[in-house]
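These notes concern the structure reproduced below.
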Amino acid sequence: MRATVLGAGSWGTALGLVLADNGHQVTMWDIDTGVLDAIAATQENTRYLPGLPLPPTMGSSPDIGTALAGAELVVVAVPSPVVRLVGQQAAPHLAQGTWICCVAKGVETDSLKTMNEVLEDVLPIPMQPYLAFLSGPSFAKEVAQRLPTAVTVAARWEHAARRVQEAFATPVFRPYTSTDVMGVEIGGCVKNVIAIAAGVAEGLGYGANARAALVTRGLAEISRLAVARGANALTLDGLAGMGDLLLTCSSVLSRNFRVGLGLGHGKTLEEVQAELGQVAEGVVNARSTAAMAERWGVDMPISDIVHQMLYRGLAPADAVPLLMSRAMKPERY
Ligand SMILES: NC(=O)c1ccc[n+]([C@@H]2O[C@H](COP(=O)([O-])OP(=O)(O)OC[C@H]3O[C@@H](n4cnc5c(N)ncnc54)[C@H](O)[C@@H]3O)[C@@H](O)[C@H]2O)c1
């Protein structure tokens, strides 16, 4: 199969490697031609995955039309805030029947649309059944190192999920399928916000009890929001919910966790982001999550606290007393 990956960052390159390992011919495209030039010159993504050689079946093109010519599978691996733009640029070059797999995690800040809904907006109606969404506990670096990983591929049309599952399945990369696109997308978006809270707790020196409480209560509020938006609560018990949340809240490989860690250490958001030098989508997702909680009338105390820390000047040290002093309630409500 000919596959094109839009976004030659960490995750796009790691997934390109999975596809190449599976025997597919892969073309990478990105707005940053420097990254593409490096791939062409060295067969390595020196910026995002240095030291990992890319096979000869992985190439690159700076022209989106050339990159998409003849593509049977397109992976959308740009940050969520630019998925609409990249989808609009790609749409005129896509042949009917091309499988489209979005791997960006997030919800549009203004429209509160998920990435699947954003792509449905910009793609012609006959192409929409071919859309799938891949998510789950998967650090790009570990995938690129061929460490065992399991993910979920969700699509409204089950056949699309199965087709994308087949394209990606290798002995070390195991995709499961789901038809609950909303559940998988909300899990992937909001876990980034909870990861910031977990990083803050770590930075403040709180212990393992606090982290376990944040993960568990974080999952409870993610599930409440997902169900309010039409998802199946059971989806959030799976790889794209609990799985991804556990991963993101427990490793400094997560950019979102590192943002929280920096805030907990007393740095400003600007300082932390400058040090990171890469996208930490939880910072954007915190805005969309707060807006979703309001629009769908869902109680999301941890996400609300993160939003207040990022955008309303709440000091990290004041966050826990706020959470702990909320009205007592049953565990499930
Ligand atoms: N890194 C991971 O481990 C990981 C795992 C799962 C999912 N994701 C998701 O994958 C998406 C991409 O993350 P990443 O880690 O690869 O980010 P990254 O910052 O490593 O790479 C993003 C790439 O997108 C490119 N880009 C930005 N704006 C663009 C535009 N307008 N047009 C074309 N290209 C553009 C950048 O130049 C960069 O090469 C995110 O939504 C993230 O949540 C990442």
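Numbering of ligands and ligand atoms starts at 1, following listing order. As the structure is a computational prediction, the values presented were derived from the model and not from experiment.
- For ligand 1, the atoms sitting less than 4.0 Å from at least one non-hydrogen atom of Y48 are 18 (P), 19 (O), 20 (O), 38 (C), 39 (O), numbered in the order shown with element in parentheses.
- Near D32, with a cut-off below 4.0 Å to any heavy atom, the atoms of ligand 1 are 37 (O).
- Every heavy atom of G106 sits 4.0 Å or more from the atoms of ligand 1.
- Of the polar atoms of V86, none of the N or O atoms is found under 3.5 Å from an N or O of ligand 1, judged by distance alone.
- Listed for the T177 side chain is no donor-acceptor partner under 3.5 Å among the backbone atoms of P175.
- Heavy atoms of A77 found under 4.0 angstrom from ligand 1 belong exclusively to the backbone.
- Between V78 and ligand 1 there is a heavy-atom distance shorter than 4.0 Å.
- Remark: R229 does not engage E185 in a salt bridge, criterion side-chain N to carboxylate O under 4.0 Å.
- Between S288 and E108 the shortest heavy-atom distance is CB-O, 4.2 Å.
- With respect to D110 and R84, no salt bridge is recorded, no charged nitrogen being found less than 4.0 Å from a carboxylate O.
- Ligand-side atoms of ligand 1 in range of F139: 3 (O), range being under 4.0 angstrom from any heavy atom.
- Close N/O approach between W29 and ligand 1 is not found [any backbone or side-chain N/O within under 3.5 Å].
- Within the structure, ligand 1 has R255 among the residues with a heavy atom less than 4.0 angstrom away.
- Side-chain atoms of D21 and T170 form no donor-acceptor pair, as typed in the model, at a separation below 3.5 Å.
- In the hydrophobic cluster analysis, where Ile, Leu, Val, Met, Phe, Trp and Tyr join through side-chain heavy atoms closer than 4.5 angstrom, V82 is grouped apart from M28.
- By the 3.5 Å distance cut-off applied to N or O atoms, K105 is counted among the residues near ligand 1.
- In this pair, W11 and F173 present their aromatic rings tilted. The plane angle is within the 30 to 60° band.
- Using a 4.0 Å cut-off between heavy atoms, S135 makes no contact with ligand 1 at all.
- Between H159 and W99, the ring planes are perpendicular. Angles over 60° get that label, and only those under 30° would be called parallel.
- Residue-ligand proximity, A140 to ligand 1, at heavy-atom distances under 4.0 Å covers atoms 1 (N), 2 (C), 3 (O).
- At under 3.5 Å, not a single nitrogen or oxygen of N192, backbone or side chain, sits near a nitrogen or oxygen of ligand 1.
- No hydrogens or angles considered: nothing links the side chains of D180 and N232 as a donor-acceptor pair under 3.5 Å.
- Both the backbone and the side chain of W11 come within contact range of ligand 1, each with a heavy atom under 4.0 Å.
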